[in-house]
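One structure is given here, and the rest of the page talks about it.
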Amino acid sequence: MTKMPHGMSRLDLFLKECLDHHALNDDRPLPQIFGYLKGANPVTGNLSKQQIVDGFDALVESMRVSTVKDGPADAGMTFFGQFIDHDITLDATSAIGTRIDPRSIRNIRTPNLDLDCVYGDGPEASPYLYGEDHLSEYMLFGREGSEHDLPRNHHGRALIGDFRNDENIIVSQIQGAFICLHNILMEQAEANAEKHHDVSNCAAMGIRSEVWHDVINPGLRSFEEVRRFIRLHYQWLVLNEFLPSFVDQADIDHALAHDIFPGAPMMPAEFSVAAYRFGHATVQPEYVLRDGEAPLDLFALRGFGPRDDGATIEMAQFFGAGAQKALPVGTDMADTLFELPDFIVGSGLTWGDLQIPVERAKKLGLRNILRDRTAMQLPSGQQMARHLGIPELQAPKELLDHHITKTPLWFYCLQEAQAAGKGKLTGVGGKIVASVIVRLLKEDAESVLHVPGFTPWPGFGDDCSMASLMAYVEKHRDGVKHRKDLFCG
């Protein structure tokens, strides 16, 4: 057990080695190392660091809007995207202002859509996430006085697979919903023969029957079946609802049909540091948590601590018909994100000998661009467009006025969406995001892409979606008979 890669049970390890026909560390790019799609793009030229930062700051200020408009995606998709990000990537090394080669950075998350941010390493290796004795296949959830909060230790820290999923009360409750879904399905499969049959048959799709008998711990058979059942539906939702909410469908279809970046690392910095950060531009300045209540400022929704039931959200406010909407992907950004509070950013930044004052350091957009140029030195948007054979967009006026002719990749992806994406990523941004997510599914022999004929379980409704999945959880979570035995903190 001590030699298992992070996030892998015995079943996972067997499938990776036998179904993929290779071990994790063969001659392909190491899956848990970051890297480049194209290569480093160092800062060059005669401009001083101060002049460069002034140009970037002018560009970011051009994004600031006090009046926002709705885009095509449900508001909850912004936070589901955050949840997905925390499932596939965690860089605990790089820092703004300090150059680091992404190929030297270990990705602490498994680069698979496997929900290791929920399950950790499973009951055998992450027992602190699970119940005791006969409840060892159930996940801890709730506490006395707050039955819908995450499980917590006596310091109030959430006991979950990725600590970042407690950073605000919306992503925290998406995390909680997947924990609850596991417990609901565990109990239903135990108590109802028909549902057990549905879960078991779905979990077995694409896997030889002897695997379940010869490889996994017999005492964890039900756990492994429920986990794979949920993973397949989660992957289906990522592919069929999340991506189309934010990415042009033509780019998704192209990624499914072609390997756009052959031989590329599983987790390229152009994706994790730039293109996938499109979600920052879709954040609303405030959200309604429950029907009929006044909206709350984004930063009033802070997490990393105990949450009482008065802050429990109604998922229908975030997913489905009548839900609030995310901002469209584009170059407008709510002014809330230009003054990050002290508990997020409390000091300035350093780039070599340049001191960047805290007033600028609090601008989320500027932080994104500085991470790109000072830490990761990503290729520009124009360089990536040429690499992909896509017509280039000119650098915005704010950069040209400061003698900067190449656009940082994060902003370039938003610029494309603004110009031609109708509120969704297209061009360079669309191809990077779609290709990386699809490749994670293609390279995972267990994924939903390798299950011919997969259709979502009708128990979630005629139209499986995040809205129907969340409604199913809200309907059944309080009926789990063991739920109070799973309270923690």
Side-chain angles (χ1 to χ4, degrees), residues 29 31 33-41 73 77-78 81-82 84-85 87-89 91 102-103 105 107 109 111-113 238-239 242-282 328-331 365 368-369 371-373 375-393 406-443:
I33 300 296
F34 288 86
Y36 287 116
L37 292 174
K38 188 179 185 302
N41 173 35
M77 285 297 166
T78 295
Q82 186 179 10
I84 294 166
D85 176 47
D87 189 32
I88 59 177
T89 176
D91 163 18
R103 291 167 293 185
I105 302 172
N107 184 9
R109 294 262 68 83
N112 297 93
L113 292 160
V238 170
L239 184 61
F242 171 75
L243 277 181
S245 293
F246 291 122
V247 179
D248 184 78
Q249 187 64 47
D251 289 320
I252 302 171
D253 294 340
H254 189 262
L256 287 166
H258 304 280
D259 187 356
I260 303 172
F261 301 106
M266 292 295 290
M267 193 46 59
E270 292 91 339
F271 170 86
S272 62
V273 175
Y276 197 73
R277 291 179 185 252
F278 73 86
H280 293 165
T282 71
V329 181
T331 56
N368 286 342
I369 291 173
R371 181 177 285 105
D372 168 340
R373 300 308 300 128
M376 296 299 183
Q377 297 183 0
L378 299 182
S380 68
Q382 288 84 1
Q383 287 173 319
M384 287 304 302
R386 288 197 297 273
H387 182 65
L388 292 167
I390 298 172
E392 298 175 35
L393 299 179
K406 300 302 180 186
T407 310
L409 184 56
W410 172 72
F411 185 90
Y412 191 91
C413 295
L414 302 180
Q415 186 182 6
E416 291 175 312
Q418 185 84 11
K422 298 180 180 179
K424 297 183 181 183
L425 292 170
T426 189
V428 170
K431 284 182 170 51
I432 291 176
V433 170
S435 68
V436 170
I437 295 292
V438 168
R439 188 170 183 231
L440 295 180
L441 294 172
K442 286 181 177 179
E443 292 293 317

### Task
Dump the intermediate steps for side chain to side chain contact (heavy atoms under 4.5 Å, CB included) on Arg373 and Asn41, then the final yes or no.
CA-CA 8 Å; Arg373 300 308 300 128; Asn41 173 35; 3.7 Å; yes

### Message
Checking the side chain of Tyr412 only, and the main-chain atoms of Leu393 only, is there a donor and an acceptor separated by less than 3.5 Å?
### Response
yes

## Note on the structure
Note: Pro408 and Ile369 closest approach over all heavy atoms is CG-CG2, 3.7 Å

#### Entry: Minimum side-chain heavy-atom gap Val247-Phe242 below 4.5 Å
no

### Task
Indicate yes or no: at least one non-hydrogen side-chain atom of Leu37 is less than 4.5 angstrom from one of Ile260.
no

### Task
State the OG-CG distance between Ser435 and Leu256, to the nearest 0.5 angstrom.
11.0 Å

### Message
I need the Thr282 OG1 to Leu414 CG distance, nearest 0.5 Å.
### Response
10.0 Å

### Message
To the closest 0.5 Å, what do you measure between CG (Leu388) and CD1 (Ile432)?
### Response
6.5 Å

### Task
Kindly give the heavy-atom pair with the smallest separation between Lys424 and Ala417, and that separation in Å.
O-CB, 3.1 Å

### Query
For the side chain to side chain contact (heavy atoms under 4.5 Å, CB included) test, which of Asn112, Leu113, Val238 pairs with Asp87?
Leu113

### Message
To the closest 0.5 Å, what do you measure between OG (Ser380) and CD (Glu392)?
### Response
7.5 Å

### Message
Just verifying a value: how many Å separate Asn368 CG and His280 NE2, rounded to the nearest 0.5 Å?
### Response
5.5 Å

### Task
Taking all non-hydrogen atoms of both residues into account, name the closest pair between Tyr36 and Leu378 and its distance.
CE2-CD2, 3.9 Å

#### Entry: Asp251 side chain near Val433 side chain, heavy-atom distance below 4.5 Å
no

### Query
Looking at Gly330 and Ala281, what are the two nearest heavy atoms and their distance?
O-CB, 3.6 Å

### Task
Taking the side chain as every heavy atom from C-beta outward, state whether Tyr276 and Leu425 have any atom pair closer than 4.5 Å.
no

### Query
Are any side-chain N or O atoms of Glu416 and backbone N or O atoms of Gly427, one a donor and one an acceptor, separated by less than 3.5 Å?
no

#### Entry: Under 3.5 Å: donor-acceptor pair, side chain of Asp372, backbone of Leu409
yes

### Query
Do the side chain of Lys422 and the main chain of Pro328 share a donor and acceptor less than 3.5 angstrom apart?
no

### Message
Determine whether a donor-acceptor pair (N or O, by modelled atom type, separation under 3.5 Å) exists between the side chain of Asp248 and the backbone of Thr426.
### Response
no

### Task
Specify the closest pair of heavy atoms between Ala73 and Ser245, including all atoms of both residues, with the distance to one decimal.
CB-O, 3.7 Å

### Query
Within the distance-only criterion (no hydrogens, no angle test), does the side chain of Arg439 pair as donor or acceptor with the backbone N or O of Ala255 below 3.5 angstrom?
no

### Query
Where do Asp259 and Lys442 come nearest, in terms of heavy atoms and distance?
N-NZ, 4.5 Å

#### Entry: Whether Trp410 side chain and Arg277 backbone form a donor-acceptor pair below 3.5 Å
yes

### Task
Give the ring-plane orientation class for His387 versus Phe261, where under 30° counts as parallel, over 60° as perpendicular and anything between as tilted.
parallel

### Task
Decide yes or no on side chain to side chain contact (heavy atoms under 4.5 Å, CB included) for Glu270 and Lys38, but give the supporting numbers first.
CA-CA 9 Å; Glu270 292 91 339; Lys38 188 179 185 302; 4.2 Å; yes

